[in-house]
Every structure is written in C-alpha cells, then in structure tokens.
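First the structure, in the form of structure tokens, and then the observations on it.
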Amino acid sequence: MKPSIPKGTRDFSPIEMVKRNYIFDTIRDVFKKFGFLPIETPSMENSATLMGKYGEEGDKLIFKILNSGDFLKEADQELLANKDSKRVTSSISEKALKYDLTVPFARYVVMHQNEITFPFKRYQIQPVWRADRPQKGRYREFYQCDADVIGSNSLLNEVELIMLIDEVFTKLGVKVKILFNNRKILSGIAEEIGAPDKFHDLVYSLDVNDKLGAFGVSQEMTKRDFSIEQIEKVDDYIRKVNNKAPESFRSFSELFKNSANGQRGFEELNSVMNNFGQYDFNGVLSQENKIKLFNKLEIDISLARGLEYYTGAIFEVKVEDDRSSFTSSICGGGRYDDLTGIFGLPNMSGVGISFGADRIYDVLEEANLFPKDAEATTKLLIVDYANDIPLALSILKQVHDANISAELYPDETKKFAKQMDYAEARRIPFVVILSKSNSNEVELKDIRSGKRETISLSELVDFIK
RNA sequence: GUGAUUGUAGCUCAGUUGGUUAGAGCGCCUGAUUGUGGUUCAGGAGGUCGCGGGUUCGAGCCCCGUCUUUCACCCCA
C-alpha cells in the first residue's frame, strides 16, 4: 500500500523541527519570565466539555472520536435508520479532539480548584485539531501556545499580556500590529441602537470596516435589515474610531448614553490603553511613565472574534512586515468572565492569549527570519577512523566532555567521499580526518572554507568552540 | 460548508490535435580519471503517468467518480 497521511496534517523533518523548537523555546522563555506555569491536558476531551463553547461554526469543526466496541448497537436506532448523521453523532461519539487550549484549561481549573492557588497563571503548548479545509496558514493539526491568568478581574492582566505579546514578537524579529477591542463596546453599540437581538448581524457588519471602511459597514447593515437611524448611528461610531486622533476617541464615550455596558467597555479599553506611550486619552500619566512598545498597538472596533466565550477584552495580532505577505492573525485572545461557570465554578474571570506557532513558522520562513545557526546541530564529525577506532572514541569522549556536540560517521567501512558528503548534508562545520591524525595532533577540516590544518588535540576543543 | 486548482522517475518539470518500447536536468549506484570528497568520462538502477470506472481499434492526454495538493470565501491560530 502507498503510504499517506490525513489531509491537513504534516510530517516535520529534522531541519523543520529545529526551527519549530526555536519558536517554542522563544515563546516558552517569555511565558516563564512573566511568571506563567506549565500544564498539559489530554488530546481528547469528553464531547460535552467542548460542544457549545465555540459557536455554531466552531462546533462543526470539532473532530469527533468514534466510540469503541459495537457502537452501532448502542446508537439511537431511530436516528440511525433515518440517516440523521448530525444527531446520531452524539450517540456514537462521546469523545472529541480538543479544538483549543482555553476550554480544556477551564475544565482543568474546575477539576483542580482545590490544589490551585488563585490567581492562577498557566501556560500550555500543545497541538489542537480542527476539521477545517486546509489552505494557506490553516492546518487541521497545529500547535497553540497559550498563556492565561484566571481568578483575577484586574485589567493589569490585559496590560501584561500586551507587553508579553510585544516581547515575543520582538524576540522573533517580526514586526506586528496588536489589535485591541472590548466586546462590551460591541454589545454597547447593539444596545445603543436598540438591536441587542441582532448582535451577530452587527458584528458581521462591523467586520467589513477593516477592508471596506465605514461605507462598507453601512452597506452590509442595509443588507441585514437595519433601519436607517441604526445605520447612521453606527456610522458615527465607526468614523470616530477610524479617525485615530485621541480627542476623537474621547468623544466616543459620549455616544453611550443609554448603555452601561458600552460605557464600561469604553472605560476598560481606555484604562488599558492608557498605560502605553502610544496613547494618551486623558493625559493623566506623563509620557515618561508609560510603557514603550516595540510594535504598534491599535484599537480596532471591528474586531469581534468568533469564539463565543469572550466577554471583555479582545486581542488579535497581525503581521505588519514588508518581508511577509501573511494576512491572517498569528495570535489572538481575550477575557472570558464565566467559562468555568458551566462546569460549576462561577465568578472566575480569566484572560489569555494564544500564539499560532505554525503560522508564526510560515511568517518567519517567508521573511527569512530564522537564525542561521538554528540549522547546525552537530559541530564536529570524525571520519576515516577505521584504522584506529580506540583513538576515534577517545577524541569523541574528550570533545563530548567539553560539552560540544560531536559524532563519528556511523559506518567506518564507507568510502571517504561518502563520509564528507554526510558532513556537508548535515551542515556539520568541522571534520577530523583520523587517518591523518595521531594521539597528539589531529587533521581538522573546516567544511565551509575547505581549509585543512593540523592542530594539537588540546587545541581542538577551543578551536571548535 | 461553497467555489476553483493540482497530481508523470527520489526532487524540479517536459510530454504537441489521443497513435508504436513515456523523456530531460539534478540526485542516486558502479567503474575509470583526478595529489588528497566536491573535476572529468563511461555505464547503470528507478515510473502499473494518484486511484477506480468509462469512451475508443488505441488514453499520460477525452468523460465520470474518488482521494490528494494549493488557493479564495466562510471562519480562525
């Protein structure tokens, strides 16, 4: 049979793994620095844990796992006879692959609440699965790197997460734009125009602001049967936000006369943004005391995010780098006030962000931002050693003891040319040709320059280092 | 989920309006040559043309189905 792997999944070669690990290590280091602690959860969860948390679209993208044994006997025979796939699923599948790391985390918090010290800061780097159709930057199995703080209402957590995002992308060398919004503003607008029941239609309409501007939003709202007064009111909001001037944004709050939700959303947004040097809405803090970010931080009122559980802050990060054409978001997150409530632990607000490692990989690859030394693993190869294997092994031991990665060519019977090809293919920078060496001096070749020289064994370690 | 797109040797690709034993470059293997792998020369292995069905005297080229690739929409990391 011809070997293959499922659609949307990938194998990773050693070269790719070294680069992937570079991303994971960078993100993990920043997570640790900010005080987050690691956990892991299983690949699969009970379907009931996952279903209903991601909205209608999200639920459809959850991979279900078939029950074991004679599952058709256990199934609802009537639904089975009617070939009602959608409804019969729940009777033949009780488990599912996890769709993100946030919901399993909420489940974890509830199950381990007695052992956790709150506020709890955890990070988690694991694969998740989505039954999406693959395309650019979209895979069916991909890694998320999450950091969440749960059990704290403080908006300083939002501030810290923005600092964390800025630091990660600064370390990776990618220029990005951090978009920030608050879901309360969105529901505030819905309330203000008297259409809280059309929240989703409003969000979808606002979404086109990004591409088509205020006029596009009006058009979209017309399509979705909003009244002229409603459209005009929203248009007012949009224009105030699209105009990036602080005084324009300040006047924004005056628009929420009838919505406490909207007013609060504005205050939350304001109090977070005010910590950063790029914004100065009310001029309270002097510029010197504000945090300077390497990347851009912007308010984007159209930012809604599909995940249903967000209730406050919403983050999204997009690449803004000439060297990359990547347009989809590479990091996102937000605040969820009651994710644990459904599992029986109310009043536990959390906020977190999720880095899309695979998309970040694509960006770094496209923009050529991987450090070059990320490719070399072994520093030294010993070749042509068949005549004196004990000497070869003793040199190997000495180099290893100096904490340098080195190896023997794995087959002493192969031709010299083969052994040199191996060094080149593996990008090993140095080769010791043992047939021309003795217990005092070794013949060392630098593969990149092609130069050979004889140096003493004691110098070897320092030379390679 | 909707609409396109791709699939020929290990890799990158040719293959004309359907017509005899399906090609190239690189790579790989063998031998020779070369004062020290990387040069040059000679030879060689390797493909049921994604899979299944159909049309035809005859299909890599046409039709249907299916899987896969890539992309847009939707949604999202």
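Proteins come first, then strands; the chains are lettered A, B, ... in the order of their sequence lines, and each starts at number 1.
- Here the closest non-hydrogen pair linking A:Q124 and A:I39 is CG-O, 3.4 Å.
- The distance between atom CD1 of A:I5 and atom P of B:rC67, rounded to the nearest whole Å, is 17 Å.
- Side-chain polar atoms of A:Y422 and A:E407 form a donor-acceptor pair below 3.5 angstrom.
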Checking A:D225 against A:K198 for the salt bridge (charged side-chain N to carboxylate O under 4.0 Å, His left out) test, could you report, in this order, the C-alpha distance in whole Å, the side-chain angles of both residues, the deciding distance, and whether it holds? CA-CA 10 Å; A:D225 295 325; A:K198 292 180 84 174; 5.7 Å; no
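- Comparing B:rG18 with B:rA59, their C1' atoms are spaced 6 Å from each other, to the whole Å.
- No side-chain donor-acceptor contact under 3.5 Å links A:R133 and A:Q135.
- Counting to the nearest Å, the C1' atom of B:rC75 and the CG atom of A:D59 are 13 Å from each other.
- Atom CE of A:M51 sits in a crowded spot, with more than 12 heavy atoms from other residues, nucleotides or ligands closer than 6.0 Å.
- Nucleotides B:rG15 and B:rA24, compared at atom P, are 15 Å apart to the nearest Å.
- Nucleotides B:rU2 and B:rU21, compared at atom P, are 43 Å apart to the nearest Å.
- For A:D132 and B:rU2, the CG to P distance is 13 Å, given to the nearest whole Å.
- Residue A:K64 places its NZ atom among more than 12 non-hydrogen atoms of other residues, nucleotides or ligands, all under 6.0 Å distant.
- Taking the six-membered ring wherever Trp is involved, the centroid distance between the rings of A:F36 and A:Y123 does not fall below 6.0 Å.
- Remark: P of B:rC75 and CG of A:L61 are 12 Å apart, rounded to the nearest angstrom.
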Each nucleotide N or O in nucleotides 37-40 of chain B that has a protein N or O under 3.5 Å away: list the pair and distance.
from, atom 1, to, atom 2, distance (Å)
B:rG37, N7, A:K445, NZ, 3.3
B:rG37, O6, A:K445, NZ, 2.8
B:rG37, N1, A:E424, OE1, 3.4
B:rG37, N2, A:E424, OE1, 2.1
B:rG38, O6, A:K445, NZ, 2.8

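- Of the N and O atoms on the side chains of A:T311 and A:R335, not one donor lies less than 3.5 Å from an acceptor on the other residue.
- Atom name P, nucleotides B:rG52 and B:rC41: the rounded distance is 42 Å, in whole Å.
- A salt bridge is absent between A:D362 and A:R359: the closest approach of a Lys/Arg side-chain nitrogen to an acidic carboxylate oxygen does not fall below 4.0 angstrom.
- A:E443 pairs by the salt bridge (charged side-chain N to carboxylate O under 4.0 Å, His left out) definition with A:R452, not counting sequence neighbours.
- Nucleotide B:rC74 holds its P atom 10 Å from the CD atom of A:E220, rounded to whole Å.
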Given A:S435 and A:N387, is the side chain to side chain donor-acceptor pair (under 3.5 Å) satisfied, shown in steps? CA-CA 7 Å; A:S435 56; A:N387 295 333; over 6 Å; no
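- Using C1' as the reference atom, B:rG1 and B:rG7 are 24 Å apart when rounded to the nearest Å.
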RNA chain B in dot-bracket, Watson-Crick or G-U pairs under 3.5 Å, [ ] crossing, | other strand? ((((..(..((((.....[...)))).(((((.......))))).....(((((..]....))))))..))))....
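- A centroid separation of less than 6.0 Å is found between the aromatic rings of A:F169 and A:F355.
- Using a 4.0 Å heavy-atom cutoff across all strands shown, A:Y422 reaches no nucleic acid atom at all.
- Between B:rA9 and B:rC74, the distance separating the two C1' atoms is 40 Å to the nearest Å.
- Nucleotides B:rG23 and B:rC49 have their C1' atoms positioned 12 Å apart, rounded to a whole Å.
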Listing time: all N or O pairs from protein to nucleotides 70-73 of chain B that are below 3.5 Å?
from, atom 1, to, atom 2, distance (Å)
B:rC71, OP2, A:K136, N, 2.8
B:rA72, OP2, A:Q135, OE1, 2.8
B:rC73, N4, A:Q135, NE2, 3.2

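- Atom OH of A:Y139 and atom P of B:rU69 are 12 Å apart (whole Å).
- Take A:D100 and apply the side-chain hydrogen bond (donor to acceptor under 3.5 Å, both in side chains) test, not counting sequence neighbours, and it matches A:Y54, A:Y309.
- As rounded to the nearest Å, B:rC26 and B:rU36 have P atoms that lie 23 Å from one another.
- Remark: P of B:rC74 and NZ of A:K60 are 14 Å apart, rounded to the nearest angstrom.
- The two residues A:I23 and A:A357 make their nearest non-hydrogen contact at CD1-O, 4.0 Å.
- When rounded to the nearest whole Å, the span between CZ of A:R130 and P of B:rG1 equals 17 Å.
- At a non-hydrogen distance threshold of 4.0 Å, A:G356, A:R359 from residues 356-369 of chain A come into contact with RNA chain B.
- Between A:E167 and A:K33, at least one side-chain nitrogen of the basic residue sits less than 4.0 Å from a carboxylate oxygen of the acidic one, meeting the salt-bridge criterion.
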